[in-house]
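Order of the sequence lines fixes the chain letters, A, B, ..., with proteins taken first and strands second; residue numbering starts at 1 for each chain. The figures that follow rest on heavy atoms only: side chains count, while hydrogens, waters and symmetry mates do not.
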Number of protein chains: 2
Amino acid sequence: MLHVAEAARVSVATVSALINGTATVSPELSQRIEQAIRDIGYKRNAIARSLKMGTTRTIGLTVPHITNPFFTDVVSVIQQAFDRAGYAVMLCCTDEDLNTQDDQIRLLLDRMVDGLIVARVGDGAILKGIVDDAKVPVVLLDRICEGVDTDTVVLDNERAVFDAITYLIDLGHRRIGYITGTSDISPMHDRMTGYRGALEAAGLPVAEELVRSGNFHEIDGYNATMQLLSLHDRPSAIFSANNPMVIGTMKAIRDIGLSCPEDISVACFDDFPWSDVFQPQLTTVAQPVQAIGEQAANLLLDRLAGNRDAPPRKLVLKGRLMIRNSCRPLGAVVQSVSA
Amino acid sequence: MLHVAEAARVSVATVSALINGTATVSPELSQRIEQAIRDIGYKRNAIARSLKMGTTRTIGLTVPHITNPFFTDVVSVIQQAFDRAGYAVMLCCTDEDLNTQDDQIRLLLDRMVDGLIVARVGDGAILKGIVDDAKVPVVLLDRICEGVDTDTVVLDNERAVFDAITYLIDLGHRRIGYITGTSDISPMHDRMTGYRGALEAAGLPVAEELVRSGNFHEIDGYNATMQLLSLHDRPSAIFSANNPMVIGTMKAIRDIGLSCPEDISVACFDDFPWSDVFQPQLTTVAQPVQAIGEQAANLLLDRLAGNRDAPPRKLVLKGRLMIRNSCRPLGAVVQSVSA
DNA sequence: TGACATGATCGAAACGTTTAGATTAGCGTT
DNA sequence: AACGCTAATCTAAACGTTTCGATCATGTCA
């Protein structure tokens, strides 16, 4: 900018005024300055600007795994929304690890991000501190965090799983295997509650040997399914509370020589693009990814636009059961007692 | 930092020296400073540091669509690699649009990213300028860019498709539909060359009505497939040069009442996690995503580590044909003349 | 014609770091 | 006792912006 000012024989203040339109500058000088900018190929240094202004027009986004199709979609939507608003997005993957998440949030804050969208957080100490100190606005996604009071958008996980399990019960299934992630994060907890709730509502016992938990990855789903299928009284249906793990489930079913839905019915959480073109077409609980991403982005953009003092807003969205052909009716259909 | 210095009754220079270890500071002062840092909860401002140092420890990454599973995986790998190295990653999606890409690269450069990984670029004017002016190191991914001479990692697209088409020919297919993206970017061009090459090598004619191009999206694949299937002499196999488009292909086949592989064989570019658990299990050309991401990251990290003057390095990786059951043998198997 | 508002421009401080060079104190040599 | 050397610390400039307040010319009104 100094060079531009010199070339145009004006002060840097005038150049700044012209660029930002913060003051009127005469047509004559305007032209000289614009010419100089072109000649020199001047580009404003956003870092210096950020330092002075205290804002970076950058937000931080952390998710557990970008390869989980739910997060892939959400990241995509959020990225687009902020792109439109002129913000850059710094992306971090926490690998479901709390320490990693804290480190990354620290990294993002050091870099002075203007806001944060955090998906699937555990009870991160750092996060709690940030939100309490009200340094930058934070939006929580997909997960409620104990004692952290800030904008949040989550799914009604309990209801979604309740509906899915009830659907299986209505089909006549009585022994329904359930595969969950580690239950210390709220969606997993709530989904589990939905599972138990549906069984209880139908007057069915909750058999603990039918509930298996893993660490969100395909291999965990594989192992869990292997265990379920080798029970002497094996389940007639399996619900996987996590998308990557259901791949493991399908592989285990295949490897053990069974087939879906003939021998065993399968349903899972999170829809994916291929779900209705291949066989079996998986019955899934679809999250409204577009809405989730947009709402999260809007909440944060609203705060960034200056609406700092409004009380925390909690959005709870509904999942949708996508019924396809991976679950088969079992004997006589019994009506369950649904809420 | 000023507050810390005051609290510890030292100069800011001493604080800086301690934090960065750039000079020895006495145990006495060290302790006072560390105490002050804890008391105040001081965190170094990375923006001010960047301004002074001229480096942000941030890189820019642009891809066409993060929802394309190939890019999802590559982004994931790259993100991890830079995370390990202490770099932040700014992610942009170009939606296959050249102007968008130029805008985003400009945005990233304004923010003083230390380096750039650009995937699937067209002949972006901005990009050419950047690389030529040698401001920041750039690594090109998945795509060669005319006249831009910089580190690159690409797949041997021609060979990969050549092999896939040859496989179909070996199965007895003679009329093989081919669905491509817009052919102005090199992978699409090279894949097409592979297609034609395989047909020619087998002494088969290239029927232009069997080649359809779309704009990378599912709907384009759907439309293209509909056209191919309504030809009076329809193809016995379809190869889709892009992953999202093959979903459209499968849907079109289903909607028209045919089935794969019984009525029509299908293969495509880019593998995905579900490919071997559902029916039909798609035969695909798998790219070594892990290696591609890691190599790209390493090339850039190497430049960032100071190796600026080494001549541009071009890495060409091999695809792998994953043969599954979506392509069926057709009549007598004929040996093609393969290179 | 003097007072005054208006509009255009500029000088300089500030944002929070890093770092070169200056200063000071302590200590061993001669 | 004067000297130089080393180690520890500090002062101040710089990075590239934005912005407050000052300056100055010009036109308007009484």
*Measure the angle between the two terminal helix axes of the helix from C:dT1-D:dA30 to C:dT30-D:dA1, five base pairs each, and quote it to 10°.*
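The end-segment axes of the helix from C:dT1-D:dA30 to C:dT30-D:dA1 are tilted 70° relative to each other.
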*When the distance from CZ of B:R9 to P of D:dT11 is rounded to whole Å, what number comes out?*
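These atoms are roughly 15 Å apart.
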Check: residues 81-90 of chain B side-chain donor-acceptor pairs under 3.5 Å, at least two apart:
from: B:D83; atom 1: OD1; to: A:Q104; atom 2: NE2; distance (Å): 3.3
from: B:D83; atom 1: OD2; to: A:Q104; atom 2: NE2; distance (Å): 3.2

Can you name the residues that form a salt bridge (charged side-chain N to carboxylate O under 4.0 Å, His left out) with [X], not counting sequence neighbours?
{"X": "B:R303", "value": "B:D151"}
{"X": "B:R57", "value": "none"}
{"X": "B:D97", "value": "none"}
{"X": "B:K52", "value": "none"}

*What pairs with B:N99 under side chain to side chain donor-acceptor pair (under 3.5 Å), at least two apart in sequence or on another chain?*
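By the side chain to side chain donor-acceptor pair (under 3.5 Å) rule, B:N99 matches no residue at all.
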*For B:S26, side chain to side chain donor-acceptor pair (under 3.5 Å) partners two or more places apart*: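 Result, side chain to side chain donor-acceptor pair (under 3.5 Å) vs B:S26: none returned.
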Under 3.5 Å, which donor-acceptor pairs link side chains of residues 63-70 of chain A to any protein atom two or more places apart or in another chain?
from: A:H65; atom 1: NE2; to: A:D95; atom 2: OD1; distance (Å): 2.5
from: A:N68; atom 1: OD1; to: A:F70; atom 2: N; distance (Å): 3.0

_Give the residues of residues 23-41 of chain B touching DNA chain C, defined as any heavy atom closer than 4.0 Å, sorted by residue number._
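Nucleic-acid contacts, sorted: none.
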*Give the B/S/- string for nucleotides 11-20 of chain C, one per nucleotide from 5' to 3', where a protein heavy atom under 4.0 Å of the base yields B, of only the sugar-phosphate yields S, and otherwise -.*
B--BBBBBB-
*At under 4.0 Å between heavy atoms, which parts of nucleotides 21-28 of chain D does protein reach? Answer with one letter per nucleotide, 5' to 3': B base, S sugar-phosphate only, - none.*
--------
*asked:* Looking at B:Q31, I want to see if its CD is surrounded by more than 12 non-hydrogen atoms of other residues, nucleotides or ligands under 6.0 Å.
replied: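 Not buried by this count: 12 neighbours or fewer within 6.0 Å.
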*Determine whether more than 12 heavy atoms belonging to other residues, nucleotides or ligands lie under 6.0 Å from atom NE2 of A:H189.*
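No, because the 6.0 Å sphere around NE2 of A:H189 holds 12 heavy atoms or fewer from other groups.
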*Side chain A:D302, main chain A:N298, donor-acceptor under 3.5 Å*: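 No: the side chain of A:D302 does not pair with the backbone of A:N298.
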_Can you confirm whether B:L304 sits close enough to B:P137 that some side-chain heavy atom of one is under 4.5 Å from a side-chain heavy atom of the other?_
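Yes; the side chains approach each other to less than 4.5 Å.
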